[in-house]
Structure formats: C-alpha cells, structure tokens
Number of protein chains: 2
Amino acid sequence: MTVMGTARPAGRPRSERAEKAIVDATLDLIGEGTSVSELSIEAVAARAGVGKTTIYRRWANKEELVGDALATLKAPLPVVEGRTVREDLVAYLDVMRQDTLTLRTRCIMNIAMSEPDRHPNLYERFHKTAIEPRRAAMRAVLERGVATGELRPDLDIELAIGMLSGTMLWYTKGAAHNNTPLADDLAARIVDEALRGFLSR
Amino acid sequence: MTVMGTARPAGRPRSERAEKAIVDATLDLIGEGTSVSELSIEAVAARAGVGKTTIYRRWANKEELVGDALATLKAPLPVVEGRTVREDLVAYLDVMRQDTLTLRTRCIMNIAMSEPDRHPNLYERFHKTAIEPRRAAMRAVLERGVATGELRPDLDIELAIGMLSGTMLWYTKGAAHNNTPLADDLAARIVDEALRGFLSR
DNA sequence: TAGTTTCGCAACGACACCGTATCGTATGAT
DNA sequence: ATCATACGATACGGTGTCGTTGCGAAACTA
C-alpha cells in the first residue's frame, strides 16, 4: 500500500530528463528538415544521448513519438480582441508571419505541408490542435465584422479565410526559398488589400 | 568517315524506349507520393523494367534524373488574352485548379512544396521553368489592367499575384487533404472577391 | 564478319536502420 | 538488504539501397 491513490510502480522510475531529451531531439531533427519518413529512431537516440531501448520502451512507433513531440508545441494562439476587425486580422496574420521565423514552429509547417496522406493520423492530430483553432479564431473575427456591419453581409467567410491565410502562406513559401525575411508590414498590407473587397463600403 | 556530319557513334545505340520508360517511372513514383529523398534508383529501374546500369549510364545522380524528368512536363501555360482582366485571371487560376486534378502536374506540386532547400538546384530549375512563367503571365495581365484603367493605378501587383495564387494554393492544399475536389467556380469566386479590392472603382 | 556499344540481369561489398536482446549499472520502494 | 525497473551501451540478424562490376545477348557500324 502506498499513501497516494496513484500507486507508484516499483522499480526505478522513468527519467524525465531522457524523455525531454528525446522529444527535443525529435523536434530538432524535424526542424532541420528531416521528414517524418526519413526520421530514424537511431538518429533521435544518438542526438538525445539515449539508448534506443529508452525510446522503444515509451513509444510504440515513430508516428506516436512525433505526435507527442508536436503536441508539446502548444500553439499560443494570441487572444486579440482589438477594436476593429482590421486590427485583429493583422494581429493573427502577423503571428503566422512570425511563426516562420522560429525553428520550432517551422517544424510544424514542414510536417503540415509535406506529408498529408503519408501519415494521416499524424496530420489529423496536428490539424485539430494547430490549424483548426487558428482558423476558428479568424472565422470568429470575420463573423464579428459581419455582425457589426464592418464587413459586407454577403461576405464568403470561408473564402475570406482562405484568401488571408493563403496569401501569407504563399509569402511564407517564397521566403523559405530566397532567404529574405518577410517584411514587417506584410500582414497589414495583405489585410488592407483584402479589406477593400471585404468592407461593406 | 560517315556521310552525315553528325557522326553516329559505333555500337548499339541507346534505347529511346528505355529512356522514356525511366523518365515515366520516375514521374509515376513521385506522383504517387514518393519524395525525391526517398526515391531510389532501384525502384525506378524496377518500375521501368530496366537495369540499374542503364540509368547510371545516362544520369550522374538522382537530382539530374528528376530534373530531366520534370523538364519533360512542359507547362502548357495557356495564352489567354480575353477581353477583361477578370476573364484572364479566372482562366489562369482555373488552370491552377485543374492542374491539381491530374497526376502528372501533382508531381510538380509535391516537389515544389516539400523540399525547397534540400535540393536547391532542382528547385531552382523547376522554379524557373514552371513557376516564373506563370507568375509573369499573371503579372502581365494585372499590368495590362492597370494600364487600361480597369484596375487601381496604385495596385501592388506583386501582392495581388500573391493573393490570387496563394488563395488557390490554400484550397489546393485543403483539397489534397480531405479528398473533395475543388468547386468548378472556385477560380471565379476568388477573382471576384479579390477584384473588389483591385478594381479602381 | 569483326568490332563496338548498350541491353537486362544478377551479384558484389558497403552502409544505414530496423526492432530485439543482453549486458552491467543506477535508482527507486519495501 | 532485497527486489523491481529503467538506464546507456553494445551486438545481433534482417532488410533495403547504394554504386559498381561481370555476364551473355542484342543492335548497329564498318
């Protein structure tokens, strides 16, 4: 009998250090451009300074490891509620822009873009936790704009989401190619250009 | 001495059949989702019904093979010159949409999107032959629109290109995920939505 | 016919991973 | 002290791909 209801299993407990090292190594490798298909357990173990056994003991397969690793990258998803729709949209799009600057969130992009049907479970899981919330947030802002009359009542909201996100995605891809970072005011310029079509006037 | 100035080298000539089979097999495999990194010469040879030797004799490495294979996919790039800018833009965007329906051109998308910095030469080559012409065509249409007064004189043309292409790209990606084909009128809807911001009045 | 080159095929040694097993050691509870 | 488990390290047999080589047959020139 143990004191706590959660009975600690006998024997040496699993190392938190090792677990974190494994997850970090996984994210590092993916962030460096290794695709999920190419990612090898051996490489993760070597990078993490860990025996392969320690990895196999915790994760049944590669997908679960990557899935858990990505889950640790919780999207902060800023809750902006500015005065105007324009401000909010710029804020969200600018998060998208800044994400491309950090290594960790670039991991997400790599996976999200490259292997949709190869690892469907993985993609599904990632989509639910990363894509959908952001999409919902943007949808809410647009719907609020329609409600307040700031935006056209007949605005195709899903299309609007696609236009804003897609444009930033386009620039993100272009920036990844020719190493020029995205302009600071890019989000504002996209939104402004788009709003001339979205605004009710 | 031979009769012709182009001296045919002695010995058995290289098989056109084999060459075509190799290129086709390469495109097939890539089209089925095999990334360039994963693409193995062995698999290409097997698929093509050809010995590995025959491949190594013609191409020094994988990148050149893939590069030549992609080069055979010459983008038709329809030369539309409709009456209105809207018609032309819809036409170009609709080509983009239809491309996602065919296997072969989906090869291009896969490569273009997934491995920009892993195979820089390959990406560069593809970008020049496939992306830039289309971008230039769309730029020409937009500039013509500005010249005729159909579009705002202060229109940011590069941004406009990004908005139109990016939006279609966004839908393309979404469609690749949940197998729903893109709506027939998608191109028109994107252009119409965008033009409300682009049109001078 | 003789000479040359390519053909498809099979085999080679080398390397990278796979997933598992077996070490001796370390870390905890009882 | 004893027991149970996890640790890192190493090695195993198996598979897949690499790029190369040797082979006999085929294709074409001179």
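Here is the naming used below: chain letters follow the sequence lines, and residue numbers restart at 1 for every chain.
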Engineer: Residues two or more places apart in sequence or in another chain: which of them pass side-chain contact (heavy atoms from CB on, under 4.5 Å) with B:T53?
Structural biologist: B:R57
Engineer: When you look at CZ of B:R144, are more than 12 heavy atoms from neighbouring residues, nucleotides or ligands closer to it than 6.0 Å?
Structural biologist: yes
Engineer: How do B:G11 and B:V50 order along DNA chain C: which one's closest nucleotide is nearer the 5' end?
Structural biologist: B:G11
Engineer: For A:E42, which residues count as a salt bridge (charged side-chain N to carboxylate O under 4.0 Å, His left out) partner, sequence neighbours excluded?
Structural biologist: A:K52
Engineer: For the pair made of OH in B:Y56 and P in C:dG8, what is the distance, rounded to whole Å?
Structural biologist: 15 Å
Engineer: Atom CZ of A:R12 and atom C1' of D:dT5: how far apart are they, to the nearest Å?
Structural biologist: 9 Å
Engineer: Can a side chain N or O of B:T54 be found less than 4.0 Å away from OP1 or OP2 on C:dG8?
Structural biologist: yes
Engineer: Over how many whole Å does the gap from B:E63 atom CD to D:dC18 atom P extend?
Structural biologist: 14 Å
Engineer: Figure out the CZ/C1' separation between B:R57 and D:dG22, and round it to whole Å.
Structural biologist: 13 Å
Engineer: Using a cut-off of strictly less than 4.0 Å, decide whether A:R14 has a side-chain nitrogen or oxygen near OP1 or OP2 of D:dA6.
Structural biologist: yes
Engineer: Could you state the CD-C1' distance from A:E42 to D:dG8, rounded to the nearest angstrom?
Structural biologist: 14 Å
Engineer: I'd like a table of atom pairs between the protein and nucleotides 21-23 of chain C - only N or O on both sides, under 3.5 Å - with the distance next to each one.
Structural biologist:
from, atom 1, to, atom 2, distance (Å)
C:dA21, N6, A:T53, OG1, 3.4

Engineer: Of all residues at least two apart in sequence or in a different chain, which pass the salt bridge (charged side-chain N to carboxylate O under 4.0 Å, His left out) check with B:R97?
Structural biologist: B:D94, B:D184
Engineer: Test of understanding: with side-chain contact (heavy atoms from CB on, under 4.5 Å), list the residues that count as partners of B:T100, not counting sequence neighbours.
Structural biologist: B:T172, B:L182
Engineer: I need the CZ-C1' distance between A:R47 and D:dG8, as an integer number of Å.
Structural biologist: 19 Å
Engineer: Rounded to the nearest angstrom, tell me the gap between atom NZ in B:K52 and atom P in C:dC9.
Structural biologist: 13 Å
Engineer: When you measure from the side chain of A:A18, which nucleotide among D:dA6, D:dG19, D:dG8 comes out closest?
Structural biologist: D:dG8
Engineer: Can you list the residues that meet the salt bridge (charged side-chain N to carboxylate O under 4.0 Å, His left out) rule with A:R139, with sequence neighbours excluded?
Structural biologist: A:E158
Engineer: Over how many whole Å does the gap from A:E38 atom CD to C:dC18 atom C1' extend?
Structural biologist: 16 Å
Engineer: Is a side-chain donor or acceptor of A:T148 paired with a backbone partner of A:G145 at a separation under 3.5 angstrom?
Structural biologist: yes
